[in-house]
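Naming: A, B, ... by sequence-line order, numbering from 1 per chain.
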2 protein chains.
Amino acid sequence: MHYLYIKAMEEKVRHLLSQKDLKVTRVRLLVLGLLLQNRAAMSHAEISSIIGEDNIDKVTLYRTLNAFVEKGLAHKVATEDRNWLYAVYEENHETHTSEDHAHFVCDECEKIYCFPVDQTSFEITTQKKQGFKIRSREVRLHGLCPICN
Amino acid sequence: MHYLYIKAMEEKVRHLLSQKDLKVTRVRLLVLGLLLQNRAAMSHAEISSIIGEDNIDKVTLYRTLNAFVEKGLAHKVATEDRNWLYAVYEENHETHTSEDHAHFVCDECEKIYCFPVDQTSFEITTQKKQGFKIRSREVRLHGLCPICN
DNA sequence: ACAAATAATGCAACTGAGTTGCAATTAGGA
DNA sequence: TCCTAATTGCAACTCAGTTGCATTATTTGT
């Protein structure tokens, strides 16, 4: 285990898991604990190397991450080079859906961060085009993150 | 060849290719001709099956599509399930860059269409977040296309 | 605290998109 | 027409992610 596992966080993680009908297991405590520590979205490879390849099977990690996504604990974003990155929803994730947030991609370090989006200004983003019925929007921002800026 | 190759279009395609310093070849005429006929972006698999697997090697098709993207004839969009779709820029592609268009994803047929975006309203899409420097934006719209609507 | 039922895990083998290296072929200018 | 560089086609490969299945761990009811 090459990351600081914060014991004090464990209760919160246990609560989040059982709240979503997910059994509390060693793997899930590790992965969700790690995701909660990270502001940026993380890839399977990144998580795997931080936690240690010997500590989690790759298939189990994929299934764990997908379970988090299915239960609404986390969401996934595709990178430019077609890998998945996973991020937990922020504190107030009850009101925080995929519909009202944007993804920020740092052009330098290529990390992806989640951003809140103002709904009202979101509405007028595009000109209407006949025949197309728009149901939801997703914004992707490119630039420099605070570390690389 | 399972698509209607429009002979009248050939001159236009030839012109587009040589304009971008791409040699006019059988494969390129077929692929660019097909892309120009389609309003929706197309996948490698889709193009391959329409033109016929026996008519183009898969590697050649990948290289052809990438050449179009590199030369600015087309651009690629990732689908939800992380495949690439390719679309030629519209008629006025001189002023049509990746910065000022959105992608519309039909929830029904999953086709992807390109949309123009109004720059001024684009600006106010997100609340500013400290430390992050936004350079460009990309909007993805979900809904129903004219055929499925 | 224990056993049974159910869910999660780990492993091996697989899939499928996309890439690389290289030899054969073709386009287009001299 | 000929020459050179670009393009093509093939085989073999990479790498993310998946599937099937036997093993193990968690939870619930007693």
At under 4.0 Å between heavy atoms, which parts of nucleotides 13-18 of chain C does protein reach? Answer with one letter per nucleotide, 5' to 3': B base, S sugar-phosphate only, - none. ----SB
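Atom CG of A:L17 is separated from atom P of C:dA7 by 16 Å (rounded to the nearest Å). What separates CG of B:D57 from C1' of C:dG21 is a distance of 14 Å, to the nearest Å. For the pair A:I56 CD1 and C:dA8 P, the interatomic distance rounds to 15 Å; values are reported in whole Å. Here the C1' atom of nucleotide D:dT8 and the CG atom of B:L65 are 14 Å apart, to the nearest Å. The distance between atom CG of B:D54 and atom P of D:dG9, rounded to the nearest whole Å, is 11 Å. Here the P atom of nucleotide D:dT8 and the CZ atom of B:R26 are 9 Å apart, to the nearest Å. For B:D21 and D:dT7, the CG to C1' distance is 15 Å, given to the nearest whole Å.
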What does the list of N/O pairs under 3.5 Å between the protein and nucleotides 28-30 of chain C look like, with a distance for each?
residue : atom : partner : partner atom : Å
C:dG28  : OP1  : B:V24   : N            : 2.9

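A:R28 places a side-chain N or O within 3.5 Å of a backbone atom of A:K23 that can act as its donor or acceptor partner. Listed for the B:H44 side chain is a donor-acceptor partner under 3.5 Å among the backbone atoms of B:K58.
Not one side-chain nitrogen or oxygen of B:T60 sits closer than 4.0 Å to the OP1 or OP2 atom of D:dT7. Side-chain N/O atoms of A:R28 include one lying less than 4.0 angstrom from OP1 or OP2 on C:dA8.
The side chain to side chain contact (heavy atoms under 4.5 Å, CB included) check on B:R26 picks up B:L30, B:N55, with sequence neighbours excluded. In this structure, the side chain to side chain contact (heavy atoms under 4.5 Å, CB included) partners of B:T60, at least two apart in sequence or on a different chain, are B:V27, B:I56, B:D57, B:T64. Scanning for ring-ring contact (aromatic ring centres under 6.0 Å, His included) contacts around A:F104 gives A:F115, B:F132, with sequence neighbours left out.
Of the residues listed (A:V31, A:N38, A:L73, A:V69), the one engaging A:Y86 in a side chain to side chain contact (heavy atoms under 4.5 Å, CB included) is A:V69, and it is the only one.
Atoms CE and CG, from B:M9 and B:L16 in turn, are 9.0 Å apart once rounded to the nearest 0.5 Å.
A:V77 belongs to a hydrophobic cluster with A:L85, A:V105, A:I112, counting contacts under 4.5 Å between side-chain heavy atoms of Ile, Leu, Val, Met, Phe, Trp and Tyr, direct or through other members.
Applying the 3.5 Å distance criterion, the base of D:dG9 shares a donor-acceptor pair with the side chain of B:R63.
Using modelled atom types, one finds a donor on one side chain and an acceptor on the other under 3.5 Å when comparing B:H103 with B:H75.
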